[in-house]
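Quick note on labels: first sequence line is chain A, next is B, and so on, each numbered from 1.
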2 protein chains.
Amino acid sequence: MKKNTRNTKAKAEILKFINSSTRAVSHLDIQKSLGEFCDRVTIYRVLERLTEEKSIHRIVNVDGVINYASCSSCAAHHTHNHVHFSCINCKELSCLENNEITLTLPEGYQFKEAFLTVSGVCKECVDRSLV
Amino acid sequence: MKKNTRNTKAKAEILKFINSSTRAVSHLDIQKSLGEFCDRVTIYRVLERLTEEKSIHRIVNVDGVINYASCSSCAAHHTHNHVHFSCINCKELSCLENNEITLTLPEGYQFKEAFLTVSGVCKECVDRSLV
DNA sequence: ACAATATCGCAACAATGTTGCATTAAATGA
DNA sequence: TCATTTAATGCAACATTGTTGCGATATTGT
């Protein structure tokens, strides 16, 4: 008995926002963007659904905040172990290219997922602080 | 005008708990362990202080929960970019040896810190589930 | 169009983290 | 040792973030 998912306005709008964003966005980002478009709870539920459908993916930021992205560059090497960059100033979360990593686990360990994030200051914020 | 920190009972007790734990612990773990020993708020403030003093360090777990550890093996190579391993079963958080990583940031970016965590199942849990 | 039911909005709740302020207790020097 | 200074605590109140139940609504297959 498979549960069918429906394409609702909320889902479409949220996915559009995530797809059009250059960085991973949090629940709060979405809420601010959508305004009164839909309820706070709906956003939680849509995000859950979209994640299950694998239309987006979850990234835990270095401050513990969960972000969502449909990061096409991520998708391209989703099975690989690539690194995310998190700006401590503007909170931008992006994918770092050219950082494919080979991880070696000790004998007997089972690998599930890699969470690789570097924190720092992105170019935009560096430039802005120098002005 | 440097601010002096004091060694209080709460701080001592919390640090003792973290040091004696084999895994990284959350605020909730500490609260459960200490019971009525001190206030919830005090734990938050002590953790903040201990982190500033670098007596412990913060690790964001793969589920977004912030954990604290005094991981001695971490301390040894704290300046390097080494990888943590987080067991999804027993929650054990340990350091992975032989995984020194070279990270390359885009031009103009400033590096601050690397958060590298691999989730999976540790040997102990793998063995146990096979029995 | 109609029925089935996935999804929504709302309210209420739970968990987690923060702030202000009066009180307590470390650390220091007399 | 004792008084003084002020860091740290406890408490209350608040803020933020995430969850759950349920009646109402809207999407989808027929």
E13(B) atom CD is separated from dG10(D) atom P, nearest whole Å, by 12 Å
Exercise. Is the backbone of I18(B) close enough, under 3.5 Å, to the side chain of S21(B) for a donor and an acceptor to pair up by distance?
Worked result: no
Its contact letters, B for base, S for sugar-phosphate only and - for none at protein heavy atoms under 4.0 Å, make nucleotides 24-30 of chain C read -BBS---
Query - Ion pair E52(A)/R49(A), N-O distance below 4.0 Å - result: no
With B for base contact, S for sugar-phosphate-only contact and - for none (protein heavy atoms under 4.0 Å), nucleotides 14-20 of chain C reads --SBBBB
Item to check | No-hydrogen, no-angle side-chain donor-acceptor test under 3.5 Å, N61(B) and S86(B) | outcome: yes
**Prompt:** Salt bridge between E53(A) and K11(A), side-chain N to carboxylate O under 4.0 Å?
**Reply:** yes
H57(B) and Y68(B) aromatic centres sub-6.0 Å: no
Taken to the nearest whole Å, CZ/F37(B) to C1'/dC11(D) is 18 Å
- Task: Hey, can you tell me if F85(B) and Y109(A) have their rings parallel, tilted or perpendicular (30° and 60° cut-offs)?
- Result: perpendicular
Indicate yes or no: at least one non-hydrogen side-chain atom of V60(B) is less than 4.5 angstrom from one of N67(B).
no
From CZ of R49(A) across to C1' of dA6(C) the rounded distance in Å is 8 Å
Rounded to whole Å, CD1 of I14(A) lies from P of dC8(C) at a distance of 7 Å
Taken to the nearest whole Å, CD/E36(B) to P/dT9(D) is 16 Å
Please determine if K16(A) and E13(A) form a salt bridge, counting it only when a charged side-chain N lies under 4.0 Å from a carboxylate O. yes
In whole angstroms, the gap separating C1' of dA7(D) from CG of L50(B) amounts to 14 Å
Between CG of D29(A) and C1' of dT16(D) the distance, given in whole Å, is 14 Å
*Ring centers of F115(A), F115(B) separated by less than 6.0 Å*: no
Separation of dT16(D) atom P from D63(A) atom CG, nearest Å, is 16 Å
